Structure formats: C-alpha cells, structure tokens
Amino acid sequence: MPAPHPVWTSMKSTPSSPASAETDSPWAPLAARVFRALWIAQLVSNIGSWMQTVGAQWLLVGHGAALVTLVQTAASLPVVLLALPSGVLADRFDRRSVLLTAQFAMIAVSGALAVLAFTHALSPTLLLVLTFLLGCGTALMGPAWQAIQPELVERRRLGQAAALGAVNMNLARAVGPALGGAVVAAAGAGWVFAFNAASYLGIAAVLLVWRRPRTDAPAGSEGLLDALHAGRRYVWNAPGIRRVLLRTLLFIPGGAALWALLPLTASRSLGLGSGGYGLLLAAVGVGAVAGAFALPRVRRVLGANGTLAAGAVVFAGLLAVLATVRTPWLVAAALLPGGLAWIAVLSTLNAAVQTRLPGWVRARGLAVYLLVFQGGQALAAPLWGAVAGWLGLGDCLLIAAAVMLLSAATVRRWPLRDTDGINPSPSDHWPAPPLVFEPGEADGPVLVSVVYRVPADHRVEFTDRMHHVARSRRRTGALTWGLYQDGGEPERFVETYLISSWAEHLAQHHVRLTATDRHHEERARELLTPGTVPEVTHAFDTASGPAVPGRP
C-alpha cells in the first residue's frame, strides 16, 4: 500500500500572546496563519494519497494476490534504497528546497498516472513502476519532513502540533479511502490519480511562500559519503535508538499483513466492491483519529512499553477477525480498535526516536528509522501475498496474527529504554585545543589522548562509567577508542581515540556533543583523584601526507 504523505507537524508563524487562553489548547497551533494553511493543504494531500491507494490496489485485484501486495512493496521499497541518502541531503542542504524538489517530482509522476489511466494505457507493470517513483518522492521527503518539525514548532506546543499532525493523517485515512472507492466505482481510477496530482499543489504553494531562516552549515567540509557514514556510526553507537529499531522491526511484518491483504479480504471474503473496500479503510482511519485523542491517557496508564504490547495484541485480534469473520459490519467494527492500535504503536516508536536524536544527525537517524519501517513493509508484503496464494487467505491472516502476538510477547524481553536523563541539546563544553599551530581541516587522522588519575578504590567504577563515554566518542566521530591502565603507575589511565580529520574533531567540539555526552563525562571525572584534571593532547598523522608547517 502506498504510504501516506509524511505528517507535517508544525510551521512557525507569529506566536500568539503567552497570556492567550489558547496556550494549552490542543488546537493552539492552528492560531498561527501559516501553520493553519499548511495543515489544510496537508489534509487535502493526504486524502489524495489514500484515494490513490484505493485506485492502484483495486486495479490489480483481478490479477492475483501477488500483484496486489506488490503495490505496497513498490511504495515502500524506495525508502530502503533512498532513506539514508535522503537523510544526508536533509542534514547537509536546505530542507525546504529538498521538500519542494520532492513535491514537484510527485506532481509529475501522479500526472503521468492520470494520463495513462485516462488513455487506457496503464498496464499493471506501468502502475507498479509509477507507484515506485511516487515512493521515491516520499523517500526523499521523509527525513527532511520529520527533521524539520522540532525546528519549526515552539517547544511548548510541540505536543499539540504532533497530535494535530496525527489527526490530519487519520482524518484523511477516514475520508480518502471511502471517497476514492466511490470515485473509482463511479468514474474510474484515472480521476483519483488526477486528484492526487492536484493535491500536492497546496503544500508546494505554502512551501514556496515560506521563507525558512538561514541556518549555519555543519562544521567542517563533510562530504556526502562521510555524512552517510557518520549517520550510520551514530545509530550503531546509540543503544536506545537501536532498541527502537528492533521494536519497529518486530511490529511491522505482522502489521504489514493488514495493508497488503485487506483489499483481498474485502473482495474475496466479504464480497465487497471498491466502495466497500474504501469504507473498511475509512474505519481504520476513524479508529486512528480516536486513538490520537485517547493516546495521552493510554500512555499515562500503560507507559510506552505497555502501549506497544497492548497495541500488538489488539492488532493480532483484528487479523484473527479478518481471517474468520464474513460479516462486513463486524469486520468494520474490528478495524476501529485496529486503527487505534496502529497509531498508538507507531507514534510511540516515532516519539522515541525524535527524543533521542540531536539536531546535527536528526534527519539521518530518522532516515534509518524510516528504512526499517518502510523496508519491513516492502519485504513483508510480497511474503504475505505468497503465503496467501499457497495456504489461502484465512490461514495467512492467522499466521500474521501469531507473528503479532510474538511481537507483544517480546516487549518484556526487549523493552524501550527509559528516556530519563537523555538530553540531545548541543553542548559546546570542550575547551579550545592547546595547539601551537593551526591545522588545516583535511589534516589527520588525529589521535586524541586523555590522561586521568584515578585512586585505587574508584578504578572499577571509573572503567564502567567510561563505557558510556566510549559510546559518546564513537557517536560523534571516533573511528577507534581505547582505555589503557599504565603498568608502571596503576592510578594512571590513558584514553585514546582516533578521528579521521581535524574538521571532524572540530565538529565534535562545536556541533556534535550533547548535554547527555557532557553528563557522562562529568560522571566519570567525579571519580578522579582530587585536585587532578585530565591532560589532553592531540597528535597528527604525518605518514599520510606532509607535516603541518611548524609541526616536527
């Protein structure tokens, strides 16, 4: 199933008065003129996306389960291929320009779909290829769209804006499929493709009139490949983010069965037409809208991990209903809590990623999350199609329900890590390096050595606390890291880490370190011998090139 357009959370306008009675209202962000205009444009665009979904899938219903499920793969696979490069682009270049480029590209592709449908030249192969190209546009937009949210919304209204974004997407889910099914039944799929093409124009117009404040480029001259490697390195050395990715990977395969097999359930098990299929999707959207308002209370009662487990159990029950019930209204009733469970789980996972990522690598970290989310759907959808063709639709859905129950059972074993104490705000707390010459940005590699004096009764605890420091060094640029105890002076510990260039080390100093990194450093240094301070030296590799002038 083509993924809906990413949810735009907020855009700043002139802030309202702090004394306004609307400050604490969930609708407060709509008081800003630009945000309100963009929210409306996004609602229209999301409706167009869901209409497109119904049109594309219904055109392929008669061609077998494999082709129907390939629609979801064609929409999701581009994220697997492009999410990480898109994250690099969003962190390295103006995010507004990236969003506009993707928007105009999707207008062109949707327009081509409409023309081919109207001229009866739209074969299944062409439909899947153009759906794939639309997915490429979504992949290009995704990291920039999500990364710009904390930049554009006031911190005190971030929660309200996020809730409005979820309401937007799920209102479209409630309206778009039903409207799309009716239009396909009455006039043909060409008109839903045409509406989808036009639906992008509103967002493009708002982006064109918005003047994004200029932001400083990241420190140093980081190339695209280096930036890609830096994002991978950050995620690999962030256990909390890796745990979010694991939970996403455990939930998505079972969840993908609903979106991949619902059109087949509607047509084969329930005997519905395109309009009935649209109403089933609308039921999911209505449940998700209700979930957006109920979610704060659910999280207060169950917590993040309880929400993940409960959501998976509810979703498993929904899949079992689809496998065994042949009454349309009962299936529609079951889809309501299914929509609530879907939005509860995904918003919990998304919020967990957002709260852990610092600004300098936010788009790349979100790109990895989108890669796991969309990639899981892209790979699972054809698998479910093959299983449905082999064992039958009912048995396939029951297997998917079992997979979802397994996901719920693993929450206790691999829960989300607590976010208490995590502060991704930048912290420029390192003093200037005491050098007698000025290195060039490309000079390096640079070996940084830090000498600590630790009394005997603190050495074990000091070593344990330095493991957190090690992750910090690696997240922010270290290629290698080590901690060594001097054999002649047991109280003397030497930390070493290697940075690829002086520019990378300057980025550590001024851009990449966070308040959490500073906290871990301070906890380790609390254990040093009283009256001593770490001794820091910087050594430059001379084997890879000429020595820096003034350096021996």
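What you are looking at is a predicted structure, and each value in this text was computed from that prediction instead of being measured.
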Next on the checklist: Would Gln52 and Leu134 count as a side chain to side chain contact (heavy atoms under 4.5 Å, CB included) here? Give the steps.
Outcome noted: CA-CA 11 Å; Gln52 154 97 20; Leu134 275 177; 3.6 Å; yes
With sequence neighbours left out, what residues match [X] under side-chain hydrogen bond (donor to acceptor under 3.5 Å, both in side chains)?
X	answer
Arg247	Thr410
Arg232	His229
Thr248	none
Ser110	Asn196

Does any part of the side chain of [Y], heavy atoms only, come nearer than 4.5 Å to the side chain of [X], both counted from C-beta?
X	Y	result
Pro239	Arg417	yes
Pro143	Val98	no
Met106	Leu133	no
Ser500	Pro445	no
Ile47	Phe195	yes
Val446	Leu498	no
Met141	Gln103	yes
Tyr369	Leu349	yes

Item to check | Plane angle bin for Trp502 and His505 - parallel if under 30°, tilted between 30 and 60°, otherwise perpendicular | outcome: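 Ring orientation of His505 relative to Trp502: tilted.
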Checklist entry - Parallel under 30°, tilted from 30 to 60°, perpendicular over 60°: which one fits the rings of Trp360 and Tyr234? => result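 Answer is perpendicular, since the angle exceeds 60°.
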Which distance, rounded to the nearest 0.5 Å, do you find between the [atom1] of [X] and the [atom2] of [Y]?
X	Y	atom1	atom2	result
Leu340	Leu335	CG	CG	12.5 Å
Leu371	Leu81	CG	CG	9.0 Å
Leu250	Trp414	CG	CH2	6.5 Å
Leu406	Phe251	CG	CZ	13.5 Å
Ile40	Leu43	CD1	CG	8.5 Å
Ile252	Phe373	CD1	CZ	4.5 Å

Next on the checklist: Does Val368 form a side chain to side chain contact (heavy atoms under 4.5 Å, CB included) with Val353? I'd like the steps, not just the answer.
Outcome noted: CA-CA 10 Å; Val368 175; Val353 175; over 6 Å; no
Test item: [X] side-chain N/O and [Y] main-chain N/O as donor-acceptor pair under 3.5 Å:
X	Y	result
Arg364	Leu228	no
Arg475	Arg233	no
Ser45	Tyr200	no
Arg512	Ala507	no

Any residue meeting ring pair (Phe, Tyr, Trp, His ring centres under 6.0 Å) with [X], in chain and number order, not counting sequence neighbours:
X	answer
Trp481	none
Phe132	none
Phe118	Trp191

side-chain contact (heavy atoms from CB on, under 4.5 Å) with [X]: which residues, sequence neighbours excluded?
X	value
Ala117	Leu122, Phe193
Pro415	Arg243, Asn305
Ala309	Val411
Val314	Pro337, Ala341

Which heavy atom of [X] sits nearest a heavy atom of [Y], and at what distance?
X	Y	result
Ala204	Leu100	O-CD2, 3.7 Å
Ala139	Pro78	CB-O, 3.8 Å
Leu513	Ser472	CD2-OG, 4.1 Å
Leu207	Leu99	CD1-CB, 3.9 Å
Val192	Gly55	CG2-CA, 4.0 Å
Ala266	Leu280	CB-CD1, 3.8 Å

Checklist entry - Do the numbers put Arg242 on top of the ring of Trp236, so that NZ or CZ is under 6.0 Å from the six-membered ring centre and no more than 45° off the axis? => result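 Flagged: Arg242 positioned over aromatic ring of Trp236.
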Checklist entry - Run the side chain to side chain contact (heavy atoms under 4.5 Å, CB included) check on Leu416 and Val244 step by step: do they pass? => result CA-CA 6 Å; Leu416 289 181; Val244 176; 3.8 Å; yes
Checklist entry - Do Arg473 and Asp517 sit within salt-bridge range, that is, some charged N less than 4.0 Å from a carboxylate O? => result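 Salt bridge: no.
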Identify every side-chain donor-acceptor pair in residues 394-403 under 3.5 Å, counting partners at least two apart or on other chains, and give the distances.
none

Next on the checklist: For the aromatic rings, using the six-membered ring if either is Trp, is the centroid distance between Trp259 and Trp342 under 6.0 Å?
Outcome noted: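 Yes: the rings meet the under 6.0 Å criterion.
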Item to check | Worked check of side chain to side chain contact (heavy atoms under 4.5 Å, CB included) between Thr514 and Asn423 | outcome: CA-CA 7 Å; Thr514 67; Asn423 184 353; over 6 Å; no
